Amino acid sequence: MHDDHAQNEYSAPPPLSDADAMAILGCIECGYALAGLDAAGVCPECGAPIERSLRGNRLLFAPADYIRTLQRGLVLVLSGLAALLVIVIAWLIGLMAVTFAGLGTGMRWLTGDLLFAACGLLFFAAMLIVLAGCWLLSMPHPGFVGRDEAAGARRWLRIGAAGILLTLLMVAAMMMPVMQALPQPDLVMLLVSGLWLVFFFIALVASILLVRHLGPLADNRIIARRATLYVWLCPLLSIVGGLFCGLAPLIALVLYWNLLDLLRKELKRIRRQQAIVAAGGLIP
């Protein structure tokens with residue numbers, strides 16, 4: 001997870017050739033498939049120089065501030081997810097400790113309520129970190145030319161993140177004593193929790209689709225292939241695990257984590273390459 005280990009454990013793939021890049025990205029103006037054409041020529045459909053398509057929307061040539069924003073977003077999401085996992089594990093361990101500590105019934109319930117409140121506050125804080133990361137990750141590519149196929153994924157990711165935040169605030173409000181006086185508060189809490197799940201899956205799928213789009217722009221086709229698989233596999237594992245209380249959600253989390261971390265490493269590589277170019281070096 002840390003950069004000092006990442007450099008030893010991971011080596012970035014070589015940059016795509018011009019032919020591979022054209023096959024993946026297409027014409028930057030009209031989207032026409034450029035596979036097999038001369039990189040020095042022009043698009044047969046719109047006449048845009050092919051060399052512009054090879055450079056234009058690749059993250060290597062994007063503003064350094066934009067790459068830094070994407071990288072920060074990924075770091076926040078990964079950090080928040082790690083914190084959420086630790087909080088859930090700590091809550092389960094603490095709950096078992098309280099249950100089997102031999103305390104009286106009243107003391108056991110009091111201690112359990114305090115544990116639940118503390119973990120709930122930490123969970124809310126970790127979710128805010130994840131949502132902030134999603135917001136940064138969904139920043140649009142400045143100066144993007146042509147049709148931005150990731151615009152929908154960015155929009156849905158922000159809708160999902162905003163919905164998650166809204167439902168979390170509603171859950172927090174439902175915990176207040178005055179709200180318990182509402183008719184059927186348990187039913188209201190169930191409905192809010194179901195709404196949270198809907199927004200969660202919207203954000204999950206949208207973020208994977210966005211990563212699938214960013215992978216080729218970062219000159220890494222592996223990211224796009226994995227994202228194409230994970231966009232249905234991760235939600236499926238989460239749903240199956242939720243129904244049968246298995247390890248499937250943990251597997252989905254590991255897959256999702258590795259996908260985001262792979263993109264983070266690519267962005268780090270791109271920032272190093274941009275620094276070389278800014279220092280007067282040649283474009284890789």
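Note that the structure is a prediction, hence the values are computed from the model and not measured.
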| task | Give a yes or no on whether L169 and I159 share a hydrophobic cluster (residues Ile, Leu, Val, Met, Phe, Trp, Tyr; joining criterion: side-chain heavy atoms under 4.5 Å apart). | result | yes
| task | Could you pull out all residues at least two apart from R226 that satisfy side chain to side chain donor-acceptor pair (under 3.5 Å)? | result |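 Per chain and number, R226 pairs via side chain to side chain donor-acceptor pair (under 3.5 Å) with no residue.
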| task | Name all residues meeting the side chain to side chain donor-acceptor pair (under 3.5 Å) criterion together with R72; count only those two or more places apart in sequence or in a different chain, and write none if there are none. | result |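 Here no residue qualifies.
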With sequence neighbours left out, write down each residue that passes side-chain contact (heavy atoms from CB on, under 4.5 Å) with [X], or none if nothing qualifies.
| X | value |
| --- | --- |
| L121 | none |
| C43 | C27, C30, Y32, L34, E45, C46 |
| N258 | V254 |
| V192 | T167, M170, V171, V188 |

| request: Could you list all the ring-ring contact (aromatic ring centres under 6.0 Å, His included) pairs where at least one residue sits in residues 66-90, not counting sequence neighbours? | output: Y66-H141
| task | Return the set of residues passing ring pair (Phe, Tyr, Trp, His ring centres under 6.0 Å) with F123 (not counting sequence neighbours), or none when no residue passes. | result | none
| field | Partner set under ring pair (Phe, Tyr, Trp, His ring centres under 6.0 Å) for W196, not counting sequence neighbours | value |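 W196 satisfies ring pair (Phe, Tyr, Trp, His ring centres under 6.0 Å) with F200 once adjacent residues are dropped.
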| field | All salt bridge (Lys or Arg N to Asp or Glu O under 4.0 Å) counterparts of R154, not counting sequence neighbours | value |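 Partners of R154 by the salt bridge (Lys or Arg N to Asp or Glu O under 4.0 Å) criterion, ordered by chain and then number, come out as D148.
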Would you be so kind as to tabulate the donor-acceptor pairs closer than 3.5 Å made by side chains of residues 125-136, with sequence neighbours excluded?
none

| request: Can you tell me which residue pairs pass the salt bridge (Lys or Arg N to Asp or Glu O under 4.0 Å) test with a partner in residues 61-70, sequence neighbours excluded? | output: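 As it turns out, the salt bridge (Lys or Arg N to Asp or Glu O under 4.0 Å) pairs with a partner in residues 61-70, which skip direct neighbours, are D65-R68.
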